[in-house]
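For reference, the structure is listed below as structure tokens.
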Amino acid sequence: MKKIGLIGGIGPESSIEYYRLIIKGFQEKRNTKDYPELIINSINMTQMLDYVFNNQLDKLVDFLMERINDLEKTGVDYIAIASNTPHIVFDRLAKKSNTPLISIVEATCKEIKDNKINRVGLLGTKSTMTNGFYNNVAEKYGIDVIIPDNDKQDYIHNKYMTELVFNKIVPETKLRLIQIIKELKEKESIEGLILGGTELPLILKQSDFVDIKIFNTTEIHVESIVAKILEN
């Protein structure tokens, strides 16, 4: 059984979900009551996001590499970052790390391709929507990634940072997010939607939509992590 290192705390609510789902997925796959070996380095989300939102990407890389190195000292076999936003520097981290990193973006794009979907919307923080790291990976799989216009990006980002990261679920926000997604469907002919923020599944579910396939990046990432735990 492989040992997993998880960089969490960004945000806390989704990290709790990662922990719960990794254990659940492992036990279901193995048909066991045993638990996987998982080491969580819960980091300072405020500090990390300051680097992201101020475009201090060199400092972000240094900050995350220090946390990756801490996990490497424990002898983990793989490391995953329990958030979409810091994947803005994933390629740089992967080159520096001595331990393989499990990408939420790569796993999600593979899942979209497996579902034979070629055109998806993307919701997340402003950085996730606008920095192109999803587009870069999706392009390899022949997938077009569409984002809302600037005003809607600002609305999504604001609600994400002031409500969802604190597990505050507001019905009016949910209705507005659904409306934004439906407009993407009507205007851009999206077939699917990436919940590109690991707190978004707290407010948006597949049951909210009839004609759009929802890709829950938390669940997809967890499946990849569990697969690595179980690999021979």
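In this chain, residues are counted from 1 in sequence order. Everything numeric in this text was worked out from a predicted model, so none of it was measured.
Open room surrounds OH on Tyr19; 12 or fewer heavy atoms of other groups in view lie less than 6.0 Å from it. Counting non-hydrogen atoms of other residues, nucleotides and ligands closer than 6.0 Å to NZ of Lys185 gives a total above 12. The 12-atom threshold is not exceeded at NZ of Lys168, counting heavy atoms of other residues, nucleotides or ligands nearer than 6.0 Å. Dense packing is recorded around NZ of Lys3, with more than 12 heavy atoms of other residues, nucleotides or ligands lying under 6.0 Å away. More than 12 non-hydrogen atoms from other residues, nucleotides or ligands lie less than 6.0 angstrom from NZ of Lys174.
No continuous path of hydrophobic side-chain contacts links Val170 to Leu175 [ILVMFWY only; heavy atoms under 4.5 Å].
Annotation: side chain of Phe215 is in contact with side chain of Asn115 (closest heavy-atom distance under 4.5 Å). Annotation: side chain of Lys159 is not in contact with side chain of Leu177 (no heavy-atom distance under 4.5 Å). Counting heavy atoms from C-beta on, the side chains of Val61 and Val89 come closer than 4.5 Å. Ile203 places a side-chain heavy atom less than 4.5 Å from the side chain of Leu164. With contacts defined as side-chain heavy-atom distances shorter than 4.5 Å, the pair Lys29/Glu223 does not qualify. In this structure, the side chains of Pro201 and Glu219 stay at 4.5 Å or more apart for every pair of heavy atoms. Counting heavy atoms from C-beta outward, Leu6 and Asn41 have side chains that stay 4.5 Å or more apart. With a 4.5 Å cut-off on side-chain heavy atoms, Ile104 and Ile81 do not count as touching.
The shortest non-hydrogen separation linking Gln27 to Lys33 is NE2-O, 3.4 Å. Of all heavy-atom pairs between Met161 and Phe166, the closest is O-CE1, 3.2 Å.
In the model, Glu139 has no side-chain atom that pairs as donor or acceptor with a side-chain atom of Tyr134 under 3.5 Å. For Thr198 and Glu17, the side-chain atoms include no donor-acceptor pair closer than 3.5 Å. Counting only N and O atoms by type, the side chains of Gln153 and Thr130 include no donor and acceptor under 3.5 Å apart. Inspection of the Ser14 and Glu199 side chains reveals an N or O donor paired with an N or O acceptor under 3.5 Å. For the residue pair Tyr78/Glu231, the side-chain donor-acceptor check at 3.5 Å is satisfied.
Of the possible polar contacts, none joining the Glu191 side chain to the Ile117 backbone as a donor-acceptor pair under 3.5 Å is found. Between the side chain of Thr74 and the backbone N or O of Leu71 there is at least one donor-acceptor pair closer than 3.5 Å. A donor-acceptor distance shorter than 3.5 angstrom exists from the side chain of Asn136 to the backbone of Gly132, with no hydrogens or angles considered. Proximity of a side-chain donor or acceptor of Glu72 to a complementary backbone N or O of Asn98 within less than 3.5 Å is detected. A donor-acceptor pair under 3.5 Å is formed between the side chain of Asn216 and the backbone N or O of Thr218.
Across Leu64, Ile79, Ile7, Leu60, a single residue satisfies side-chain contact (heavy atoms from CB on, under 4.5 Å) together with Leu93, and that is Leu64. Residue Thr128 forms a side-chain hydrogen bond (donor to acceptor under 3.5 Å, both in side chains) with just one option from Thr217, Asn84, Thr85, and that option is Thr85.
Looking at residues two or more places apart in sequence or on another chain, you find a ring pair (Phe, Tyr, Trp, His ring centres under 6.0 Å) between Phe90 and His87. Qualifying ring pair (Phe, Tyr, Trp, His ring centres under 6.0 Å) partners for Tyr51, counting only residues two or more places apart in sequence or in other chains: Phe63.
A salt bridge links Lys24 with Glu28: at least one charged nitrogen is closer than 4.0 Å to a carboxylate oxygen. Residues Asp62 and Arg92 are not paired through a salt bridge, judged by the lack of any N-O separation under 4.0 Å between the basic side chain and the carboxylate. Checked for salt-bridge contact, Asp50 and Lys59 miss the test: no charged N lies under 4.0 Å from a carboxylate O. Ion pairing between Asp77 and Lys228 fails under the 4.0 Å rule for side-chain N and carboxylate O. Look at Lys140 and Glu106 and you find a salt bridge, because one of the NZ, NE, NH1 or NH2 atoms lies within 4.0 Å of a carboxylate O, short of that distance.
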